[in-house]
Structures are given as C-alpha cells and as structure tokens.
Amino acid sequence: MTDLSVQLGRLRLPNPVMTAAGCVGYGLEYAPLVDWAQAGALVVKTITLTPRAGNPPPRVAETPAGMLHAIGLQNEGVETFVLEILPRLRTLGTPLIVSIGGETVAEYRAVAGKLSQAEGITALEVNLACPDTEEGHAEFGLSSERTTQVIEAVRNATPLPLIAKLSPNGGDPVPIARAAVAAGAESLCLINSPWGMAVDAHTQRFRLATPIGGLSGPAIKPIALYHVWRVRQAMPETPLIGVGGICSWEDAVEFMLVGASAVQVGTAHYMHPQALMEILAGLRAYAESRQLERIEALVGALA
Ligand SMILES: Cc1cc2nc3c(=O)[nH]c(=O)nc-3n(C[C@H](O)[C@H](O)[C@H](O)COP(=O)(O)O)c2cc1C
C-alpha cells in the first residue's frame, strides 16, 4: 500500500487531494454528497473581517472549457464563521484550512488573529488576490512589497502553518513567491484565477456585472502547470500546492510530476460533485500499480 501522506512545511496531510477555496463554499453544502473525511483537507472559502454580500449578479458565466466568476468574496465574516460555521465543520473529521482575505494589511492581520484563537483549524491559506484598497493594486499579490507586508502581518498574528496563495496575473511568479516565503509563508499555492471577460453578442452586454472575472476550469490547467513548474525550478525547497483545472487523477499526477506536493480541486465539482473522491481513488490506484512506497516519490520527478 502506498503511503499517501504528504508534508507541506509543518503541515502533514493524510493525502495530497484537497478542495480549492470557494469552490465548495464552506463544504457543508456538499457534506450530504461527499465524505470530506477522506479528503487531504477541506479548504474553506475566503473569510474576511466583516460580512460581505459579494458582487451583484450575474457573477458566473460558462466559457469554453471553464467558467468566469466574480463572487466578490461573499462570506459571513470571521465572527459568524467562528461561532456558527466552524463548529459544524469540525464534525466533518477532515483537516480544515481556512482561506483569509482583506482589503487592508490590518484586516488580514485581524482575521488571522481571530482564527488563531479558535479550535480546530489546521492551517491558514492567505488569498493574495484580494483588491488592495490602501495602495490601489488590483490584487495584493501583484506587488512583492505588499505581499511581504501581508504575510509578515499574518505571520505575526498566528502560530498556525501558513500557505500563501499566489495570483497568476503578475507575470513571472518567482519574485512574489520569494517575497511570500521570506515573510513567513511555509508553502505556496498556485494559482488563483487569471482575469478574463465574456461578452454576449446577442444582448451586446457583458456576461458578468463586474465585468471582469476570474477564469477557472480545464482552460487554465496549462497556465497553472507552468506556474508550479516555474516556482519549483527556482525554489525547490518550498512545498507547493497545485490548483487550476484539475478534473482527473491524471491531472493531479501531472501537477505532482512538475513539483506540486499536493493539489486542490475546484471547478470540477460543478460538473461532478464526487470529483475529489474520484481523483483521490485514481491517484491511489496509479501509485499502487507503480508500486510506489510513498506518493511523495512523484513530486518534482519531471521538474
Ligand atoms: C466560484 C468560485 C469561487 C472561488 N472563491 C475563491 C475564494 O474564496 N478564495 C480563493 O482563494 N480562491 C477562490 N476561487 C479560486 C479557486 O480556489 C481556484 O484557485 C481556481 O478556481 C482554479 O482552480 P479550478 O480550475 O480547479 O477551479 C474561487 C473559484 C471559483 C470558481
């Protein structure tokens, strides 16, 4: 039997397949359909300091081989999350990784601080794709300086293991990746959604109200694979989590071969709620058919 457990800095997960932030909400909506206890981890949607209603509709649009989304970080806010949602998540029996966001450095710090006082959180994933209202960057993660400030602030506010989730919208990911690790991130998650847009020729309107959104699904897999490979080449010691268009166990293997120690599954759940479970089962069967002692033998084999 292959040992499926993986190590990401201080974080040890029972297997390398987890959800991608936001794509299954808090996970509770799917709990009647999916046994999350089998997942490597459940990554909960981005939580902010105060409740957010999100963007006006329409905020999702189907595209060839993917979808555009502009949810606008809709969430209940950290206090309701800790009091009402977290106790229910704890009963699922899976490691919980909470994604955090903010519009200011102080907001990230405050959310991290409040979550560290709560029971049952395994790690924090810092969503650097939030708009930076203090300095006007479309995303914090487009600036090395702002990335450093956010990660340092969060690092000082929590003893929990920290994952920095990087944006693909800034060109070469390596300078931002280095800034995040130097500031205290123990692992990196690549990638958040590349920006895109959709227009309806019939109505002559944008298909998203915003009108810019994040593209996800199979359409972005080659971009995500490249980002993981690129960062692995430059920073072979840093554990990486690959995300973007993963729909099959073969996709998961490909991400591991170019350097991901673990993977996240997002949009695939909209086509198939059992996607994560099937990817995990396929990965296990693949590793056993190749008589791997440890799944980690795949990590970076092609990098
Ligand atoms: C509807 C939706 C909501 C999302 N919400 C979040 C979020 O709250 N925080 C975050 O970091 N990423 C969020 N993402 C991005 C995903 O976590 C993931 O990085 C991206 O969708 C690429 O993976 P995929 O192609 O497997 O979906 C969201 C994506 C979608 C489609």
Side-chain angles (χ1 to χ4, degrees), residues 17-27 29-30 41-48 51-52 54-55 57-78 81 85 97-102 108 111 123-131 139-141 150 162-169 173 180 185 188-196 198 208 210 212-228 240-249 251-252 254-255 260 262-273 275-276 279:
V17 191
M18 45 185 133
T19 58
C23 296
V24 294
Y26 295 112
E29 302 84 342
Y30 276 70
L42 183 65
V43 184
V44 173
K45 73 155 106 168
T46 300
I47 305 295
T48 53
R52 290 176 61 111
N55 290 325
R59 51 192 196 176
V60 289
E62 198 170 339
T63 61
M67 66 183 265
L68 280 166
H69 65 96
I71 307 300
L73 300 176
Q74 180 191 354
N75 76 102
E76 272 65 12
V78 69
F81 175 76
I85 299 164
I97 298 178
V98 180
S99 170
I100 61 167
Y108 277 97
V111 179
L124 298 183
E125 183 180 273
V126 185
N127 176 3
L128 290 163
C130 300
E139 297 177 341
F140 282 91
V150 168
L162 275 193
I163 303 162
K165 183 170 181 185
L166 305 188
S167 161
N169 294 317
L188 301 172
C189 176
L190 306 102
I191 56 174
N192 215 312
S193 313
W195 293 320
L208 292 178
T210 29
I212 302 162
L215 185 62
S216 66
I220 69 168
K221 192 182 106 181
I223 303 172
L225 270 175
Y226 161 69
H227 278 245
V228 171
L240 306 178
I241 303 168
V243 52
I246 297 175
C247 295
S248 66
W249 65 263
D251 293 336
E254 292 167 26
F255 273 84
V263 295
Q264 295 181 349
V265 182
T267 298
H269 286 102
Y270 300 122
M271 296 172 273
H272 186 32
L276 186 150
I279 290 169

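Atoms within a ligand are numbered from 1 in the order they appear, just like the ligands themselves.
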Side-chain donor or acceptor of Tyr26 paired with backbone N/O of Asn75 under 3.5 Å: no
Atom 15 (C) of ligand 1 [closest protein heavy-atom partner, distance rounded to 0.1 Å]: Asn192 OD1, 3.5 Å
Polar side chain donor-acceptor pair, Ser167 to Asn192, under 3.5 angstrom: no
Ligand 1 atoms in contact with Gly244 (distance to a heavy atom under 4.0 Å): 22 (C), 23 (O), 25 (O)
Test item, Ile191 contacting ligand 1 (heavy atom, 4.0 angstrom): yes
Close-contact set for ligand 1 against Ser193 heavy atoms, below 4.0 Å: 15 (C), 20 (C), 21 (O)
Geometric N/O contact Gln264 with ligand 1, under 3.5 angstrom: no
Numbered atoms and elements of ligand 1 in range of Ala20, under 4.0 angstrom, heavy atoms: 17 (O)
Top protein contact for atom 23 (O) of ligand 1, by heavy-atom distance: Val243 CG2, 3.4 Å
Contact partition for Asn127 relative to ligand 1, non-hydrogen atoms under 4.0 Å: side chain
Pair Thr267-Ile220, side chain to side chain contact (heavy atoms under 4.5 Å, CB included): steps then yes or no: CA-CA 11 Å; Thr267 298; Ile220 69 168; over 6 Å; no
Atom 6 (C) of ligand 1 - nearest protein heavy atom and its distance: Ala21 O, 3.0 Å
Interatomic distance, Arg52 atom CZ to Gln74 atom CD [nearest 0.5 angstrom]: 10.5 Å
Among Lys45, Arg59, Met67, His69, closest by any non-hydrogen atom to atom 29 (C) of ligand 1: His69
Which residue and heavy atom of the protein sit nearest atom 9 (N) of ligand 1, plus the separation: Thr46 OG1, 2.6 Å
Thr267 N/O under 3.5 Å from ligand 1 N/O: yes
Atoms in ligand 1 with a heavy atom of Tyr270 nearer than 4.0 Å: 1 (C)
Side-chain (His272) to main-chain (His269) donor-acceptor, under 3.5 angstrom: no
Glu29, CD atom: more than 12 neighbouring heavy atoms under 6.0 Å: yes
Asn169 (side chain) donor-acceptor with Trp195 (main chain) under 3.5 angstrom: yes
Donor-acceptor under 3.5 Å (Lys45 side chain, Val98 main chain): no
Thr46 versus Asn127, side-chain donor and acceptor atoms under 3.5 Å: yes
Protein residue, atom and distance nearest to atom 18 (C) of ligand 1, heavy-atom basis: Lys165 NZ, 3.7 Å
Residue Gly266 vicinity, atoms of ligand 1 by number, heavy atom under 4.0 Å: 26 (O), 27 (O)
Closest protein heavy atom (residue, atom, distance) for atom 21 (O) of ligand 1: Ser216 CB, 3.2 Å
Check: Gly66 main-chain N/O paired with Thr63 side-chain donor or acceptor under 3.5 Å: yes
Residue pair Ser193 / His69, side-chain donor-acceptor N/O under 3.5 Å: yes
Non-hydrogen atom of Gly245 closer than 4.0 Å to ligand 1: yes
Options Leu128, Val265, Leu68, Ile220, ranked by nearest heavy atom to atom 22 (C) of ligand 1, top entry: Ile220
